Protein chains: 2
Amino acid sequence: MNTLSYGLLSLLTKNSRSGYELMQHIQPFWSAKHSQIYPLLAQLEQKGHVAFVHVAQSDKPDKKVYSITEQGKDALRGWIAEPTDEPVTRDELSLKVYCIGLVDKEQARKMLAVREVYYKKKKERFNLLMDKIQQGSEKPLDQLEIGDDAFGMYVLVHKATMKVDTDLYWCEWMKEKLK
Amino acid sequence: MNTLSYGLLSLLTKNSRSGYELMQHIQPFWSAKHSQIYPLLAQLEQKGHVAFVHVAQSDKPDKKVYSITEQGKDALRGWIAEPTDEPVTRDELSLKVYCIGLVDKEQARKMLAVREVYYKKKKERFNLLMDKIQQGSEKPLDQLEIGDDAFGMYVLVHKATMKVDTDLYWCEWMKEKLK
DNA sequence: CAGTACATGTAATGAGTTACATGATTTT
DNA sequence: AAAATCATGTAACTCATTACATGTACTG
């Protein structure tokens, strides 16, 4: 059982989903390709942590919809109680910025402009996500509590939004430095 | 040539260093173990991107000090000109927070308290790093420009400090939510 | 004399990406 | 007719961590 396996179980506590849907919805918090997810789902099924049903679709290809079992929920609670790994970030840009003196100002500006566009798109995605959470919630978001279904998602998207704002602020600051 | 190889070359543009020292200094920007670094250095040496000399030490074990070659610098400039990979972050905590409703408030608070301590230590490390950069610089840090040796390091540590402040702010915000 | 920091390496294993493979359905 | 999205899977490869292996020198 690796971290991604528990991540899939985490998502399944809120909705039953297919492997394809899990792949799409886990992206903001843990990037993973379908080739990694499908074998893990098969493993989770063998262990009894999840169960699936075949769902026929007329408009799209059929799919396997997975649900978490009680056993899976127990496994999740055990995992949450364990010490949490420290976060890992790998950003190629930081290595390039470290030796940015090797290239001219113009090239440096272009490199950072590309990244700024990336951050802006990311911010837009989080804004849309926040709208979606609000639509699915009866309460105003700032009144959600730990017991509410959307609480976890809300506080995570809030964190992600704050962090991407910080990234964008740094980009602006860098533009001044490279003037 | 993977990203870490270019990262090692990036560090070597500022100082000649041993594998052990490279491992220590690359940590804030790209986490890597010595077992990954030593083989890559051997590869870089074979390709002519770096050269090393044996340095005998009386107080410590002897070491191999690597320097970047002109060919290595050319390789670096080519790499900087290429499109930059998007950053990847994997944080087990975000998956646990997503389904935080599975456990009680007290356990949730404890989990976040552990993370807050981690962020505070991290902030302290960046503060020390910033002091060290100032000590090695003639100019005040906010006057450094792209041509200055410490510029890249300065802007990166500035970014890291802003981001860890955001993380700490989120921890405070979460404490209110879990009251 | 035990533990820690310094120093360098290899081997085995696990995690993650890219490529291979197939096929339905909808949109352009 | 081609491209995009949905859908599931396996195979090959690269990247990263943990474990194995060895040894020096200093500190408590």
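So you know, we letter chains A, B, ... as the sequences are listed, proteins then strands, and number each from 1. Bear in mind the structure is a predicted one, so any value in this text is a computation, not a measurement.
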Of the nucleotides [options], which one has an atom closest to the side chain of [X]?
| X | options | result |
| --- | --- | --- |
| A/S35 | D/dT17, D/dA11, C/dA7 | D/dA11 |
| B/Y66 | D/dG9, C/dA24, C/dG9 | C/dG9 |
| B/H34 | C/dA7, C/dG9, D/dT18 | C/dG9 |
| A/Y20 | D/dC6, D/dT18, C/dT8 | D/dC6 |
| A/K63 | C/dG9, C/dC6, D/dT8 | D/dT8 |
| A/P61 | C/dT26, C/dA24, C/dA7 | C/dA24 |
| A/W30 | D/dG23, C/dG9, C/dG16 | C/dG16 |
| B/S31 | D/dT17, C/dG16, D/dA7 | D/dT17 |

Looking at [X], I'd like to know whether one of its side-chain N or O atoms comes within less than 4.0 Å of OP1 or OP2 on [N].
| X | N | result |
| --- | --- | --- |
| B/Q24 | C/dC6 | yes |
| A/Q57 | D/dA7 | yes |
| B/K33 | D/dA19 | no |
| B/R90 | C/dA15 | no |

Length of the line joining [X]:[atom1] and [N]:[atom2], which is rounded to integer Å:
| X | N | atom1 | atom2 | result |
| --- | --- | --- | --- | --- |
| A/H54 | C/dA24 | NE2 | C1' | 16 Å |
| A/M23 | D/dT5 | CE | C1' | 10 Å |
| A/E45 | D/dG9 | CD | C1' | 15 Å |
| B/Q36 | C/dG9 | CD | P | 15 Å |
| B/D62 | D/dT22 | CG | P | 20 Å |
| A/Q43 | D/dG9 | CD | P | 13 Å |
| A/D85 | C/dA15 | CG | C1' | 13 Å |
| B/D59 | C/dA5 | CG | C1' | 12 Å |

>> Nearest 0.5 Å, please: how far is CZ in A/F29 from CG in A/L11?
In response: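 Atom-to-atom, A/L11:CG and A/F29:CZ are 8.5 Å apart.
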> How long is the span from the OG1 atom in A/T161 to the CG atom in A/N127, to the nearest 0.5 Å?
Replying inline: 6.0 Å
>> I'd like to know if the side chain of A/R17 reaches the main chain of A/L12, judged simply by a donor and an acceptor atom lying under 3.5 Å from each other, with no hydrogens or angles considered.
In response: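 Checking the backbone N and O of A/L12 against the side chain of A/R17, no donor-acceptor pair under 3.5 Å is found.
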>> Closest-nucleotide mapping onto DNA chain C: is B/V65 or A/K60 further toward the 5' terminus? I mean the 5' end.
In response: B/V65
> Taking A/E92 as the fixed residue, which of B/W79, B/Y6, B/W30 is the one that meets the side-chain hydrogen bond (donor to acceptor under 3.5 Å, both in side chains) rule?
Replying inline: B/W79
>> I want to check something: taking the side chain as every heavy atom from C-beta on, are A/R125 and A/P28 in contact at a cut-off of under 4.5 Å?
In response: no
> Considering only heavy atoms from C-beta outward, does the side chain of B/Y169 approach that of A/M162 to under 4.5 Å?
Replying inline: yes
